[in-house]
K.L.:
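I'd like to ask some things about the structure below.
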Amino acid sequence: MKVRKIKIYDFLARRGTEVWIDKNNLETLYTPGGVSREPRMYKKIRKIGIRVLKKQNTLRTQVRHIMCKSKKKAFDEYKTTVKTDPKIILFSAFDGRSYGDSPKAIYDYMLNDKRFEDHTFIWAFRKPKNFTAVLDNPNTYIVSANVNAKGYQKAIAAAKYWVLNYRIADQFYPKDDQVYIQLWHGTPLKRLGYDIGISDNAMNTRDETRDKYRIDAEKFKYILAPSHFAAEKFITAWNLKKVGREDAVLELGYPRNDFLTNYTQDDVDSVIERLDLPRDKKYILYAPTWRDNQHRAGVGYTYKTEVDFDRLWDALGDEYIILFRAHYLVANLFDFEKYTGFAYNVSRWNDINELYIISDLLVTDYSSVFFDYANLKRPEIFYMYDLEAYGTEIRGFYIRLDELPGPIVQTEDELIEAIKNVDYSRNFDEKYKAFNAKFNYLDDGKAAQRVTEALIEEL
């Protein structure tokens with residue numbers, strides 16, 4: 001049997017132990033205190049259960065309520081046994097899926113701030129063994145972002161600050177002396193929470209979605225907004241006005257975008273080298289969002305690429321390569337082996353900022369990536385092949401589409417033509433400038449400092 005040794009870290013005890021695991025066992029859970037495996041039979045039963053609950057809204061709501069109530073009661077009892085440590089800070093990005101976004105930007109800032117020299121930093125990851133590089137910092141520890149992992153529960157109960165860009169599990173409520181700051185993960189184009197008035201999605205009715213946002217609003221002390229526009233939408237999406245919590249919104253900018261102001265040519269060269277990309281082509285970053293109505297039991301949200309890569313290769317292959325970036329919620333895998341040298345799957349690349357800075361052009365649809373990318377003042381194209389359905393049946397939009405800093409295309413022919421006609425020398429026009437003035441005026445490279453200062457006031 002092929003085995004390998006991994007370390008299991010206990011951040012409170014400041015020690016690590018070692019265990020041996022089957023190298024080929026992808027179901028192994030990395031949890032402090034030992035290794036646990038999810039039985040195959042349980043996975044099959046859960047998959048069947050998801051299929052049933054997808055079709056039975058009332059039953060699904062009742063099951064979720066019972067499970068959440070039970071788990072919350074258990075955690076509420078547990079957290080009273082763990083004292084809050086004012087010098088422990090918990091970080092998580094995209095519910096443990098990555099090491100990036102605004103949580104990482106704030107973490108990096110704190111690492112270079114002498115006021116945090118004696119603090120303990122904890123990162124929660126779904127696959128901790130993929131992120132052990134953070135352990136190079138002696139004050140940083142890792143826990144599994146598994147809601148049942150003892151290490152994760154201990155971190156949540158002990159940390160003074162929860163620095164997250166995604167909702168924390170419903171059963172975890174902070175104590176009175178804890179501070180949960182919801183950084184969120186994008187300026188919204190598509191409607192969120194209480195503002196979604198169109199339809200249910202594959203896994204939640206409209207009321208279930210609103211309930212998730214209500215629970216989140218009960219827990220966070222602050223929610224970060226990158227602009228006044230976003231602040232207004234967050235207030236309505238989380239229904240903050242009704243509960244008198246409009247002052248929870250901090251209009252300070254997104255720390256993750258500091259990098260887009262401060263990056264260097266060395267950063268660009270490093271990313272291109274690590275991705276092993278050819279230097280004689282232009283790079284198109286294609287980053288579509290997920291669809292609420294595309295979900296597969298036992299897999300998660302999926303995405304069907306509505307692009308004929310054979311046609312794109314034939315039309316654009318001499319001048320361009322495509323970097324395909326699926327949304328972080330999308331669980332299905334994409335095989336681009338057939339298009340080696342033209343299309344690269346960068347969906348698992350940890351930090352999308354690094355993909356931004358090497359890309360000459362962004363192609364997206366309704367993803368909030370275009371707000372961030374606009375800081376680079378480079379061309380953008382919006383491939384909205386399902387515009388009518390998305391706008392009227394799935395989500396709906398917050399802004400007028402004529403405000404977008406690039407053309408909208410709805411067919412592949414139009415997409416190819418738009419790419420061929422991009423004028424890289426005259427992209428940043430008055431419309432583009434107005435867009436940045438409205439949505440990105442706080443992206444000045446100092447947002448992490450402002451957010452950290454706001455947190456320090458809690459010390």
K.L.:
Got a sec: does the NZ of K377 have more than 12 other heavy atoms crowding it under 6.0 Å?
P.N.:
no
K.L.:
I'd like to know whether the aromatic ring centres of F94 and Y166 sit less than 6.0 Å apart in this structure.
P.N.:
no
K.L.:
Could R126 and D95 be called an ion pair, given the rule that one side-chain N must be under 4.0 Å from one carboxylate O?
P.N.:
yes
K.L.:
Go through the side-chain N and O atoms of Y383 and Q410 and say whether any donor and acceptor fall under 3.5 Å apart.
P.N.:
no
K.L.:
Taking the basic N atoms (NZ, or NE/NH1/NH2) and the acidic carboxylate oxygens, is any pair closer than 4.0 Å for R256 and D101?
P.N.:
yes
K.L.:
Tell me if a side-chain donor or acceptor on R245 pairs with a main-chain N or O of L240 at a distance below 3.5 Å.
P.N.:
no
K.L.:
Can you find a pair of side-chain heavy atoms, one from W349 and one from R274, that are under 4.5 Å apart?
P.N.:
yes
K.L.:
Taking only residues two or more places apart in sequence, or in another chain, which ones meet A447 in a side chain to side chain contact (heavy atoms under 4.5 Å, CB included)?
P.N.:
P255, D258, R450
K.L.:
Tell me, with the steps shown, if E453 and R115 meet salt bridge (Lys or Arg N to Asp or Glu O under 4.0 Å).
P.N.:
CA-CA 11 Å; E453 293 298 331; R115 292 172 293 186; 2.7 Å; yes
K.L.:
S102 vs N165, test: side-chain contact (heavy atoms from CB on, under 4.5 Å). Steps then yes/no.
P.N.:
CA-CA 7 Å; S102 291; N165 73 341; 5.5 Å; no
K.L.:
Indicate yes or no for a side-chain donor-acceptor contact from S359 to the backbone of L361 under 3.5 Å, with no hydrogens or angles considered.
P.N.:
no
K.L.:
Can you see which heavy atom on Y109 is nearest to which on Q449, and at what distance?
P.N.:
OH-CG, 3.2 Å
K.L.:
Return the CD1 to CG distance between I181 and L455, rounded to the nearest 0.5 Å.
P.N.:
4.5 Å
K.L.:
Which atoms form the tightest heavy-atom contact between V249 and A225, and what is the distance?
P.N.:
CG1-CB, 3.8 Å
K.L.:
Is R325 reaching over with its side chain to a backbone N or O of Y286, donor-acceptor style, under 3.5 angstrom?
P.N.:
no
K.L.:
Is the backbone of F371 close enough, under 3.5 Å, to the side chain of N440 for a donor and an acceptor to pair up by distance?
P.N.:
yes
K.L.:
Could you tell me which residues satisfy side chain to side chain contact (heavy atoms under 4.5 Å, CB included) with P188, sequence neighbours excluded, listed by chain and number?
P.N.:
L192, A230, K233, F234, Y398
K.L.:
Run the side-chain contact (heavy atoms from CB on, under 4.5 Å) check on I381 and L415 step by step: do they pass?
P.N.:
CA-CA 8 Å; I381 296 173; L415 174 62; 4.0 Å; yes
K.L.:
Less than 4.5 Å apart, any side-chain heavy atom of L442 and any of P226?
P.N.:
no
K.L.:
Determine yes or no for a side-chain-to-main-chain donor-acceptor pair under 3.5 angstrom, with S347 supplying the side chain and A326 the backbone.
P.N.:
yes
K.L.:
Can you tell me if N375 uses its side chain to pair, donor with acceptor, with the backbone of L260 under 3.5 Å?
P.N.:
no
K.L.:
How many angstroms lie between CD1 in I358 and CG in L376, if you round to the nearest 0.5 Å?
P.N.:
11.5 Å
K.L.:
Once ring pair (Phe, Tyr, Trp, His ring centres under 6.0 Å) is applied, do any residues pair with Y254, and if so which ones, sequence neighbours excluded?
P.N.:
none
K.L.:
With side-chain contact (heavy atoms from CB on, under 4.5 Å) as the test, would you mind laying out the steps for Y180 and F172 before giving the verdict?
P.N.:
CA-CA 11 Å; Y180 166 26; F172 298 137; over 6 Å; no
K.L.:
Could you tell me which non-hydrogen atom of I89 sits nearest to which non-hydrogen atom of H119, and how far apart they are?
P.N.:
CD1-CD2, 4.0 Å
K.L.:
Where the side chain of D267 meets the backbone of T264, is there a donor-acceptor pair that is under 3.5 Å apart?
P.N.:
yes
K.L.:
Taking the side chain as every heavy atom from C-beta outward, state whether R378 and L362 have any pair of such atoms under 4.5 Å apart.
P.N.:
no
K.L.:
Can you pull the salt bridge (charged side-chain N to carboxylate O under 4.0 Å, His left out) pairs that have at least one residue in residues 130-149, sequence neighbours excluded?
P.N.:
none
K.L.:
Could you please spell out the steps behind the side-chain contact (heavy atoms from CB on, under 4.5 Å) verdict for V451 and L224?
P.N.:
CA-CA 8 Å; V451 175; L224 182 64; 3.8 Å; yes
K.L.:
Within the supplied structure, the quantity of interest is the number of heavy atoms (other residues, nucleotides, ligands) at a distance under 6.0 Å from K242 NZ; does it exceed 12?
P.N.:
no
K.L.:
Can you measure from OG1 (T209) to CD1 (I196) and round to the nearest 0.5 angstrom?
P.N.:
5.5 Å
K.L.:
Any side-chain heavy-atom pair from D351 and F259 closer than 4.5 angstrom?
P.N.:
no
K.L.:
Minimum heavy-atom separation for G445 and T261, please, with both atom names.
P.N.:
N-OG1, 3.7 Å
K.L.:
Is any side-chain heavy atom of V163 closer than 4.5 Å to one of L90?
P.N.:
no
K.L.:
Please list, chain by chain and in numerical order, all residues satisfying ring pair (Phe, Tyr, Trp, His ring centres under 6.0 Å) with W123, sequence neighbours excluded.
P.N.:
F91, Y99, Y107, F125
K.L.:
Between E430 and K433, does at least one N-O distance fall below 4.0 Å, as a salt bridge requires?
P.N.:
yes
K.L.:
Would you call D444 and K446 a salt bridge, using N to O less than 4.0 angstrom?
P.N.:
no
K.L.:
Under the ring pair (Phe, Tyr, Trp, His ring centres under 6.0 Å) test, which residues partner F229, sequence neighbours left out?
P.N.:
F439
K.L.:
Give, for atom OG1 of T364 and atom CG of L189, the distance between the pair rounded to the nearest 0.5 Å.
P.N.:
9.0 Å
K.L.:
Over 60° means perpendicular and under 30° means parallel, so tell me whether Y432 and F435 are parallel, tilted or perpendicular.
P.N.:
perpendicular
K.L.:
Can you check salt bridge (Lys or Arg N to Asp or Glu O under 4.0 Å) on K431 and D429, steps first, answer last?
P.N.:
CA-CA 6 Å; K431 182 179 180 180; D429 57 16; over 6 Å; no
K.L.:
I want to know whether F397 and Y366 have ring centres closer than 6.0 Å.
P.N.:
yes
K.L.:
Mind checking the CD1-CH2 spacing from I122 to W162? Nearest 0.5 Å is all I need.
P.N.:
12.0 Å
K.L.:
Check Y78 against A157 and note the closest heavy-atom contact, atom names and distance.
P.N.:
CE2-CB, 4.2 Å
K.L.:
Q178 side chain to K175 main-chain N or O, any donor-acceptor pair under 3.5 Å?
P.N.:
yes
K.L.:
Would a distance-only check, ignoring hydrogens and angles, find a side-chain to backbone donor-acceptor pair under 3.5 Å from Q182 to Y222?
P.N.:
no
K.L.:
May I ask you to check whether over 12 heavy atoms, not counting those of K438, lie within 6.0 Å of atom NZ?
P.N.:
yes
K.L.:
If you measure from CG on N350 to NZ on K104, what distance do you get to the nearest 0.5 Å?
P.N.:
8.0 Å
K.L.:
Looking at every heavy atom in both G186 and S368, which two are closest together, and how far apart are they?
P.N.:
CA-OG, 3.6 Å
K.L.:
With a 4.5 Å limit on heavy-atom distance, are the side chains of F370 and L404 in contact?
P.N.:
yes
K.L.:
Answer yes or no: is there a side-chain heavy-atom contact under 4.5 Å between D85 and T120?
P.N.:
no
K.L.:
Are D177 and K160 ion-paired here, with the side-chain N under 4.0 Å from a carboxylate O?
P.N.:
no
K.L.:
Does any non-hydrogen side-chain atom of L183 lie less than 4.5 Å from one of P103?
P.N.:
yes
K.L.:
Do NZ/NE/NH1/NH2 and the carboxylate oxygens of R214 and D211 come within less than 4.0 Å?
P.N.:
yes
K.L.:
Got a donor-acceptor contact below 3.5 angstrom from the Q153 side chain to the V147 backbone?
P.N.:
yes
K.L.:
Going by an N to O cut-off under 4.0 Å, is there a salt bridge joining E117 and K87?
P.N.:
no
